[in-house]
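These notes concern the structure reproduced below.
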Amino acid sequence: MRHEDRKIAVAAYKERKVVAGIYLLRCLATGERWAGQAPDLSTIQNRIWFTLRHGSHRGHSLQAAWNAHGEDAFAFEEIERLDEKALEAGRERVMKARLAHWCAELGAQAV
């Protein structure tokens, strides 16, 4: 990649709209579910898959299921996108409340 092309790509990345929200991980082999919150839904799956592949995810039950069943047994989905207006009441408080809602709604463990 040329230097100029790289500069354009970096600028585009920095200008992209970041969307916070809640995501769900499913183990298709067992039906287990884990929900989490992310400040940027577009990058969270890569981060989670990286830690799981390397055996370093902090969620012990999630890591154990991954180790037992493998990557192909897992699905990732966004379950709620939170716009800036929804987060005006306090980002951490709103994210925590929405995560608790979805954990209860879906019978998921929080990660």
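All residue numbers in this chain count up from 1 along the given sequence.
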Exercise. Kindly indicate, with the supporting measurements, whether the criterion side-chain contact (heavy atoms from CB on, under 4.5 Å) is fulfilled by Cys103 and Gln109.
Key: CA-CA 6 Å; Cys103 284; Gln109 298 176 50; over 6 Å; no
d(Gln63 CD, Ser56 OG) to nearest 0.5 Å is 7.0 Å
**Request:** Determine whether the aromatic ring centres of Trp66 and Trp34 lie less than 6.0 Å apart.
**Result:** no
* Is it true that Ile44 and Phe50 fall in one hydrophobic cluster, defined by side-chain heavy atoms closer than 4.5 Å? -> no
Apart from Leu24 itself, its cluster of hydrophobic side chains linked below 4.5 Å comprises Ile22, Ile79, Leu99, Trp102, Leu106
Taking every heavy atom of His57 against every heavy atom of Gly59, the minimum-distance pair comes out as ND1-N, 2.8 Å
Apart from Leu82 itself, members of its ILVMFWY cluster (side-chain separation under 4.5 Å) are Leu87, Val94, Met95
Q: Give a yes or no on whether the backbone of Ala89 and the side-chain of Arg93 come within a donor-acceptor separation of less than 3.5 Å.
A: yes
Side chain proximity check, Asn46 to Phe76, heavy atoms < 4.5 angstrom: no
Value for CZ (Arg98) from CD (Glu80), rounded to nearest 0.5 Å, stands at 4.0 Å
Quick check: do Gln37 and Arg91 have side-chain heavy atoms less than 4.5 Å from each other?
no
Contacts satisfying salt bridge (charged side-chain N to carboxylate O under 4.0 Å, His left out) that involve residues 62-73 (not counting sequence neighbours) are Arg53-Glu71
Show the numbers, then the answer: is there a side-chain contact (heavy atoms from CB on, under 4.5 Å) between Val19 and Asp83? CA-CA 7 Å; Val19 178; Asp83 61 21; over 6 Å; no
Test salt bridge (charged side-chain N to carboxylate O under 4.0 Å, His left out), reference Arg81, set Glu78, Glu84, Glu77, output is Glu78
Quiz item: Cut-off 3.5 Å, side chains only: do Glu32 and Ser61 have a donor facing an acceptor?
Solution: no
### Message
Could you walk me through whether Leu25 and Trp49 satisfy the side-chain contact (heavy atoms from CB on, under 4.5 Å) test, starting with their C-alpha distance in whole Å, then the side-chain angles of each, then the deciding distance to 0.1 Å, before giving a yes or no?
### Response
CA-CA 11 Å; Leu25 305 169; Trp49 263 222; 3.5 Å; yes
